[in-house]
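Worksheet: the structure to be examined is printed underneath.
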Number of protein chains: 2
Amino acid sequence: MDLSFAEENYLKAIYHLSQDGTTTVSTNGIAEMLNTKAASVSDMLKKLGQKSVIDYQRYQGVRITESGRKAALMVIRKHRLWEVFLVEKLKFNWDEVHEVAEQLEHIKSPLLIKRLDEFLGYPKVDPHGDPIPDEHGEFVTKPRVALSELPVHSAGTMVAVDDSSPVFLQYLDKVGLNIGAKVEITERIEFDGSLELRIDDERQLFISEQVAVNVMITEL
Amino acid sequence: MDLSFAEENYLKAIYHLSQDGTTTVSTNGIAEMLNTKAASVSDMLKKLGQKSVIDYQRYQGVRITESGRKAALMVIRKHRLWEVFLVEKLKFNWDEVHEVAEQLEHIKSPLLIKRLDEFLGYPKVDPHGDPIPDEHGEFVTKPRVALSELPVHSAGTMVAVDDSSPVFLQYLDKVGLNIGAKVEITERIEFDGSLELRIDDERQLFISEQVAVNVMITEL
DNA sequence: CAATAAACTTAGACAAGGCTAAAAATACAC
DNA sequence: GTGTATTTTTAGCCTTGTCTAAGTTTATTG
Ligand SMILES: [Mn+2]
Ligand SMILES: [Mn+2]
Ligand SMILES: [Mn+2]
Ligand SMILES: [Mn+2]
């Protein structure tokens with residue numbers, strides 16, 4: 001049972017919106033994530049329901065099934081492996097990969113993805129710090145927390161970003177905040193939630209709460 | 001002016017059928033190459049005509065325009081670069097690449113193809129010996145001729161195959177006839193056009209005319 | 001040069017995906 | 001709990017690409 005590009009994109013959105021496939025998801029939420037209209041979503045939900053990749057009763061929201069979760073994870077696996085390829089092998093910057101991976105993730109060839117994984121040395125995370133599911137859909141997420149949720153004087157290593165938009169990533173490049181950096185919160189401004197950070201024990205950086213929400217670290 | 005997957009496939013077929021874009025092409029020929037029906041082709045020709053990638057008047061056959069030729073060559077460039085990638089980097093066999101490249105050739109990203117070309121070291125030919133157009137659509141075809149068209153005692157180096165179907169390529173693998181091999185025609189059987197060859201000055205091989213037609217060499 | 005034959009195009013239908021506008025169901029508020 | 005707001009679905013239409021069946025046009029050939 002093969003899924004079309006559109007079906008794969010819907011399924012991936014539903015998976016992401018339901019906190020990795022556990023909770024129920026709304027029609028409007030899907031529409032917003034996919035930049036489409038609720039009416040189009042309703043149509044598609046019917047189709048996905050018939051293919052048993054989601055549980056759907058009208059007006060009752062939607063939940064991804066186990067087979068749907070597997071299918072979504074395979075698309076996500078491909079997306080992230082391609083992102084690694086683009087950055088590691090083709091020297092793309094991490095803000096340039098998402099659009100292209102959005103296309104590449106739909107290429108159908110089990111051999112291709114197996115060999116790509118092998119070629120890349122079985123990476124565990126993509127350039128944004130997100131985990132790459134293995135061929136069975138298994139993956140481990142390192143414990144991670146947003147800077148915005150930590151108290152002053154917390155410290156850790158930056159492991160991921162929660163926003164892969166080019167503007168955000170380009171901002172991080174500009175201020176030199178990259179995955180792997182040592183980050184310590186030296187002060188929090190209560191007024192606006194902005195933070196003063198110390199990076200790699202050698203320099204100071206001020207970031208807004210907007211940024212802090214999207215920078216994930218593992219505590220030391 | 002962006003082309004859809006289907007439009008790109010039609011354009012590529014028209015280019016190939018018209019001996020690299022010079023002669024006129026028939027509706028039925030296109031339908032056969034794309035495993036579709038003549039009616040579908042007629043519909044598509046109207047659209048491609050409106051986009052000025054072909055010259056089309058009903059009942060008069062079709063000729064690719066200069067802008068259409070360029071577009072077709074860019075698709076072919078991508079197809080062949082991906083084939084090189086699959087064989088050189090991902091260890092695909094040359095009979096396994098065509099299907100996948102047929103999908104990959106439609107990925108839209110100028111940066112991707114530029115970087116892929118660079119990553120591969122600017123290859124000039126694909127795994128089947130076909131030339132890879134550069135970013136301006138320029139390419140050089142080494143003079144090549146099918147074994148079937150040469151007289152007895154001709155000799156040369158195998159440089160390409162004219163059929164990329166898995167069955168044919170697997171047959172060549174089985175008998176050990178690969179690109180780069182030295183080939184000499186030691187005898188031709190007039191009855192059925194089959195050939196006796198001497199390969200790499202060290203062994204004998206008999207091939208049918210069907211095979212000979214699809215094995216291309218450059219004469220020494 | 002007429003009469004088939006072959007090639008090609010049009011007509012009409014369908015499936016996938018999408019949209020707008022309108023209706024129906026559910027949620028929220030008083 | 002009744003009434004309005006919000007969410008979701010349906011109805012109807014559009015585009016792309018495909019098909020079959022039925023015309024047209026061009027080729028062939030006696
Ligand atoms: Mn996608
Ligand atoms: Mn990513
Ligand atoms: Mn193709
Ligand atoms: Mn090839």
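Since this is a predicted model, take the numbers as computed values, not measurements. FYI, side chains are in, hydrogens and waters are out, and symmetry mates aren't considered; it's all heavy atoms of this structure.
- Note on ring orientation: taking the six-membered ring where Trp is involved, the planes of B:Trp82 and B:Phe85 are perpendicular (angle over 60°, cut-offs 30° and 60°).
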Please list each protein N or O that sits under 3.5 Å from an N or O in nucleotides 19-23 of chain D, with the distance.
residue, atom, partner, partner atom, Å
D:dC19, OP2, B:Thr36, OG1, 2.6
D:dC19, OP2, B:Lys37, N, 3.2
D:dC19, OP2, B:Ser40, OG, 2.7
D:dT20, OP2, B:Lys37, NZ, 3.4

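- By the 4.0 Å N-to-carboxylate-O rule, A:Glu118 lies too far from B:Lys91 to be salt-bridged with it.
- B:Glu7 has a carboxylate O that lies under 4.0 Å from a charged side-chain N of B:Lys51, or vice versa, which qualifies the two as a salt bridge.
- Place B:Val25 and A:Ala38 on DNA chain C by their nearest nucleotides, and B:Val25 ends up nearer the 5' end.
- Taking atom CD on A:Gln57 and atom C1' on D:dT8, their separation rounds to 14 Å, with Å as the unit.
- For D:dT6, neither phosphate oxygen OP1 nor OP2 lies less than 4.0 angstrom from any side-chain nitrogen or oxygen of A:Asn28.
- Within the structure, every side-chain polar atom (N or O) of B:Gln60 is placed at least 4.0 Å from both OP1 and OP2 of C:dA7.
- Taking the charged nitrogens against the carboxylate oxygens, B:Lys37 and B:Asp43 have no contact shorter than 4.0 Å, which rules out a salt bridge.
- For D:dT9, neither phosphate oxygen OP1 nor OP2 lies less than 4.0 angstrom from any side-chain nitrogen or oxygen of A:Lys46.
- B:Leu34 has its CG atom 8 Å from the P atom of D:dT18, to the nearest Å.
- When side chains are defined from C-beta on, B:Val75 does not count as touching B:Tyr15, because their heavy atoms never get closer than 4.5 Å.
- A straight line from CG of B:Leu45 to P of C:dA7 spans 16 Å, rounded to a whole angstrom.
- Using a cut-off of 4.0 Å between Lys/Arg side-chain N and Asp/Glu carboxylate O, B:Glu66 and B:Arg69 are scored as salt-bridged.
- Near DNA chain C, meaning a heavy atom under 4.0 Å from it, residues 4-19 of chain B has no residue at all.
- Listed pair A:Tyr56 / D:dT9 meets the phosphate criterion, a side-chain N or O lying under 4.0 Å from OP1 or OP2.
- Atom CZ of B:Arg58 is surrounded by 12 or fewer heavy atoms from other residues, nucleotides or ligands within 6.0 Å.
- Every residue two or more places apart in sequence or in another chain was checked for a ring pair (Phe, Tyr, Trp, His ring centres under 6.0 Å) with B:His128, and none qualifies.
- If you check every strand for non-hydrogen atoms under 4.0 Å, B:Ser42 touches a base.
- Nucleotide D:dT9 holds its P atom 14 Å from the CE atom of A:Met44, rounded to whole Å.
- Here A:Ser26 does not reach the OP1 or OP2 of D:dT7: none of its side-chain N or O atoms lies under 4.0 Å away.
- Residues B:Leu147 and B:Met158 form no side-chain contact, since every pair of their non-hydrogen atoms from C-beta on lies 4.5 Å or further apart.
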